[in-house]
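Numbering of residues begins at 1 and proceeds along the displayed sequence.
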Amino acid sequence: MTINPLTQDDPTIAAEYFEGRWQQKGRTLTTRDVAAISERLASEVARINGRRSLSDDAKRIAIARAYREARDQIQAAGQAVIDQVTNERARLSRKLFGYEGTADAQTVIVRRDAADRAAKLETPHEAQRALERAEANGDTHLAQAIAGQSFANGWGDVVHSWFDANPQAGETARQLSELPDPNDGVWRVQHAMTYSVMQPQELGGIPDYQVDRLADTVLDGGDAPTAA
């Protein structure tokens with residue numbers, strides 16, 4: 001798992017990836033945006049409960065709608081973070097292990113052949129030997145392809161060997177190492193915890209699909225109003 005340097009020593013530090021780097025958001029697992037949405041939800045629930053003109057059923061429906069809106073906003077924000085990190089990882093990976101810009105037809109063929117050969121490597125040991133041969137022969141395309149395939153396979157020692165031979169890639173590698181892996185289970189759990197909102201107690205802990213059904217309910221004699 002890629003370690004975020006901000007959380008390496010203190011996992012309770014929340015961070016967000018913004019403008020190319022990780023920035024500390026505070027010392028709890030809630031972001032400013034999530035906290036603001038949660039606070040607005042709490043205020044709206046209080047206003048709904050304070051409206052004496054609403055029946056208990058109407059209040060519960062209005063609260064369900066308020067909760068659904070807050071939940072959807074927070075989930076959308078969480079997905080935006082995942083998309084941003086995924087796109088940034090792809091960009092940095094292309095810069096580090098791929099090829100940017102245009103190339104002539106012969107170079108495209110050479111790169112494609114190198115990628116095919118690298119994809120056939122089955123073990124880190126095999127990849128390390130192939131990398132050493134490519135570097136000894138001055139085959140930069142194959143060496144880069146092997147490094148990229150090793151990165152995809154999680155063969156860290158092979159990747160670091162390539163870094164040692166290509167120190168100019170160090171800054172890009174550092175930026176990539178600071179990014180989390182959206183496919184990592186532990187990061188996914190922490191991310192889900194960060195981008196979540198507590199359900200109002202008035203809803204009794206029912207599943208979200210029941211919340212959605214309740215929010216869509218229309219009472220006899222009129223719809224359930226939301227807070228003013």
Side-chain angles (χ1 to χ4, degrees), residues 1-9 11 15-24 75-192 194-195:
M1 182 181 80
T2 301
I3 298 176
N4 180 341
L6 292 175
T7 63
Q8 185 171 5
D9 296 327
E16 61 179 337
Y17 192 74
F18 182 68
E19 295 184 344
R21 66 187 182 91
W22 282 101
Q23 302 185 43
Q24 184 171 335
Q75 288 180 350
Q79 185 59 50
V81 170
I82 292 175
D83 292 343
Q84 183 179 22
V85 171
T86 299
N87 291 338
E88 184 68 3
R89 283 181 63 89
R91 185 187 71 81
L92 291 174
S93 294
R94 285 194 302 271
K95 183 177 180 180
L96 193 58
F97 303 116
Y99 307 101
E100 296 184 312
T102 59
D104 58 72
Q106 183 60 37
T107 301
V108 171
I109 293 174
V110 171
R111 291 174 176 175
R112 186 180 302 156
D113 177 70
D116 290 342
R117 292 168 64 184
K120 295 177 181 178
L121 299 171
E122 297 181 350
T123 67
H125 178 70
E126 186 179 353
Q128 182 64 50
R129 293 186 59 186
L131 178 63
E132 292 170 356
R133 288 195 299 269
E135 290 175 338
N137 294 331
D139 192 340
T140 57
H141 290 305
L142 180 57
Q144 188 176 29
I146 293 170
Q149 186 65 42
S150 298
F151 177 78
N153 292 341
W155 300 338
D157 289 344
V158 182
V159 176
H160 285 295
S161 293
W162 185 77
F163 287 161
D164 291 341
N166 297 271
Q168 72 279 5
E171 176 58 22
T172 302
R174 183 194 64 78
Q175 293 176 13
L176 183 59
S177 70
E178 290 180 357
L179 288 171
D181 180 1
N183 294 319
D184 178 76
V186 175
W187 186 85
R188 278 279 187 176
V189 170
Q190 180 174 332
H191 180 80
T194 301
Y195 288 90

Which residue pairs satisfy the salt bridge (charged side-chain N to carboxylate O under 4.0 Å, His left out) criterion with at least one member in residues 132-144, sequence neighbours excluded?
none
On a heavy-atom basis, which atom in Gln128 and which in Val158 lie closest, and how many Å separate them?
OE1-CA, 3.6 Å
With sequence neighbours left out, the residues meeting side chain to side chain donor-acceptor pair (under 3.5 Å) with Asp113 are none
Between His141 and Val110, which heavy-atom pair has the shortest distance, and what is it?
CD2-CG1, 3.7 Å
Leu179 side chain near Gln175 side chain, heavy-atom distance below 4.5 Å:
no
What pairs with Ala118 under side-chain contact (heavy atoms from CB on, under 4.5 Å), at least two apart in sequence or on another chain?
Ala145, Ile146, Gln149
Glu126: what forms a side chain to side chain donor-acceptor pair (under 3.5 Å) with it, not counting sequence neighbours?
none
Looking at Ala173 and Leu96, what are the two nearest heavy atoms and their distance?
CA-CD2, 3.9 Å
Contacts of Pro182 that satisfy side-chain contact (heavy atoms from CB on, under 4.5 Å) - sequence neighbours left out:
Ile82, Val85, Thr86, Arg89, Trp187
pair Ser161-Leu131: side-chain heavy atoms closer than 4.5 Å:
yes
Contacts of type side-chain contact (heavy atoms from CB on, under 4.5 Å), residue His160, not counting sequence neighbours
Phe163
Heavy-atom check, side chain of Gln79 versus side chain of Tyr195, under 4.5 Å:
no
Asp184 side-chain N/O to Val186 backbone N/O, donor-acceptor pair under 3.5 Å
yes
